[in-house]
2 protein chains.
Amino acid sequence: MADQLREAREGLIQSLGRVSAFWGFSKIVGQLYGLLYLSPAPLSLDDMAVALGASKGNVSINVRLLERLGMVRKVWQRGERKDYYEAETDFWQIVKDILREREKKEFDQALRSVSDCLRLAAEVTGRTGAGTPIRAEAAFVEGRLRRMEEFFKLIDGFVHSVLVLEDLRFPPPFGSGRGGADPAGTPTR
Amino acid sequence: MADQLREAREGLIQSLGRVSAFWGFSKIVGQLYGLLYLSPAPLSLDDMAVALGASKGNVSINVRLLERLGMVRKVWQRGERKDYYEAETDFWQIVKDILREREKKEFDQALRSVSDCLRLAAEVTGRTGAGTPIRAEAAFVEGRLRRMEEFFKLIDGFVHSVLVLEDLRFPPPFGSGRGGADPAGTPTR
DNA sequence: TAATATGTTTAGGAAACGCTGAACGACGGG
DNA sequence: CCCGTCGTTCAGCGTTTCCTAAACATATTA
């Protein structure tokens, strides 16, 4: 009975560990999220460390990464001096945060770089006489770069639309802060 | 003039190297693709090796990875004994191939695992008497797992629709094989 | 068959990474 | 003011990853 529950828990923890590793994070990041996600009550640093058999230091670093990604929240337990963490259960919120935090930065840089290269190539085609071999080459490079820029902009637009679409569905209360009530989380407690 | 062209080329190569590393591949994978993408003519193994200052072995392994991902094609030059490679320029095709090759496998496994865990937890809730503490715990875990499964299935459906949507836009000629002419690639040659 | 050209595999070293355990600093209570 | 409790940081270590150079396999030509 209880064993089966434990099995389910650990199954998810292991599984999310895999996912995490696959996406270039360390395994423990996913495991931490899985642990918190299936925990009815918030957990302390030590709770997590013993549950996963990892060192405090390791947990400290990676749980803060999760917090930076918006996948986990620090919650204060009245009377307690420890930090407690609980999982963010709104997956769309998580997707948005990750898109902003991780993808967007790196992606924007790539897009900018491609645009820069395109400008360079375009200058060459503009300034060289028609018919010269270097002109033909530059025209080719320019064409390819333009196609790539187009594609990148398409993706960028898509990401943007995901971000604003969700913002509309869960509008922030007033000026700032996180909006919308947890749509289906935390049945217990 | 020509220097500027070279600068544009190397800019893209460097940039795609970054992107590649960011997505968990080695840097040279992206660089190879950038090199081929901006090359008017197919390149041989040695061409790529000297262009990127890498060893033949390294290029051999990574260009085959690109081929497996569908980002690069082997082309035979008449009379030549070497293998030549050129870039696949249809980015949507590439996205599809990558979704199939990389994401889908790993993702399906995660989804299956979550479903398994869910089944386990559901069994516990089904078999324990109402009101017991273990029952409450199991119900909580079951609820969370169900929400996660839902989300995963949603993503799965999205990926599926991308795959079939594009298949409809570029239908394969008859029984099998790659369909649709390159929509905007290869202006030179 | 020997000689040449080409692609692949592999052994080994270098660099990067992840994790631990201990040291450290901050903070609050006795 | 000191002591215990926390969270964070960091040096060290083992593992993994990446890359090169050389050996190897295969195919082509003389």
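All values below were derived from every heavy atom in this structure, side-chain atoms included, with hydrogens, water molecules and symmetry-related copies excluded. Keep in mind that what you see is a predicted model, and the values were worked out from it rather than measured.
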>> If I take atom CZ in residue Arg64(B) and atom C1' in nucleotide dT6(C), what distance separates them, rounded to the nearest angstrom?
In response: 13 Å
>> Can you see whether Asn58(B) engages Ser55(B) through a side-chain donor-acceptor pair at a distance of less than 3.5 angstrom?
In response: no
> Between Asp116(A) and Ser113(A), does any side-chain donor sit less than 3.5 Å from a side-chain acceptor?
Replying inline: no
> For the residue pair Phe107(A) and Phe152(A), is the inter-centroid distance of their aromatic rings smaller than 6.0 Å?
Replying inline: yes
> Is the centre of the Tyr85(A) ring less than 6.0 Å from the centre of the Tyr33(A) ring?
Replying inline: no
>> Rounded to whole Å, please give me the gap between OH in Tyr85(B) and P in dT6(C).
In response: 14 Å
> At what distance, to the nearest 0.5 angstrom, does OG of Ser39(B) lie from CZ of Arg9(B)?
Replying inline: 6.5 Å
> What is the per-nucleotide protein-contact pattern of nucleotides 11-20 of chain C, from the 5' end, where B denotes a base atom under 4.0 Å from a protein heavy atom, S denotes such proximity for sugar-phosphate atoms only, and - denotes neither?
Replying inline: -------SSB
> So Glu123(A) and Arg127(A), salt bridge (Lys or Arg N to Asp or Glu O under 4.0 Å) or not? Walk me through it.
Replying inline: CA-CA 6 Å; Glu123(A) 259 187 55; Arg127(A) 281 212 308 258; 3.1 Å; yes
> Donor-acceptor pair, Asp156(B) side chain versus Lys153(B) backbone, under 3.5 Å?
Replying inline: no
>> Can you measure Asp47(B) atom CG to dT6(C) atom P for me and round it to whole angstrom units?
In response: 11 Å
>> Under a plain distance cut-off of 3.5 Å, with no hydrogens placed, do Gln31(A) and Gln14(A) share a side-chain donor-acceptor pair?
In response: no
> Where along residues 75-84 of chain A does a heavy atom fall under 4.0 Å from DNA chain D?
Replying inline: Arg81(A), Lys82(A), Asp83(A)
>> Parallel, tilted or perpendicular: which one describes the rings of Trp92(B) and Phe151(A), with boundaries at 30° and 60°?
In response: perpendicular
>> Expressed as a whole number of angstroms, how long is the span from Met48(A):CE to dC6(D):P?
In response: 13 Å
> Please, what dot-bracket string fits DNA chain D when only Watson-Crick and G-U pairs with both distances under 3.5 Å count, crossing ones use [ ] and pairs to another strand use |?
Replying inline: ||||||||||||||||||||||||||||||
>> Could you tell me how far apart Leu45(B) (CG) and dC19(D) (P) are, to the nearest whole angstrom?
In response: 15 Å
> Are the side chain of Thr128(B) and the backbone N or O of Val124(B) linked by a donor-acceptor pair below 3.5 Å?
Replying inline: yes
> Within the side chain of Arg73(B), is there an N or O that forms a donor-acceptor pair under 3.5 Å with the backbone of Glu86(B)?
Replying inline: no
> Any side-chain N or O of Ser60(A) less than 4.0 Å from the OP1 or OP2 oxygen of dT8(D)?
Replying inline: yes
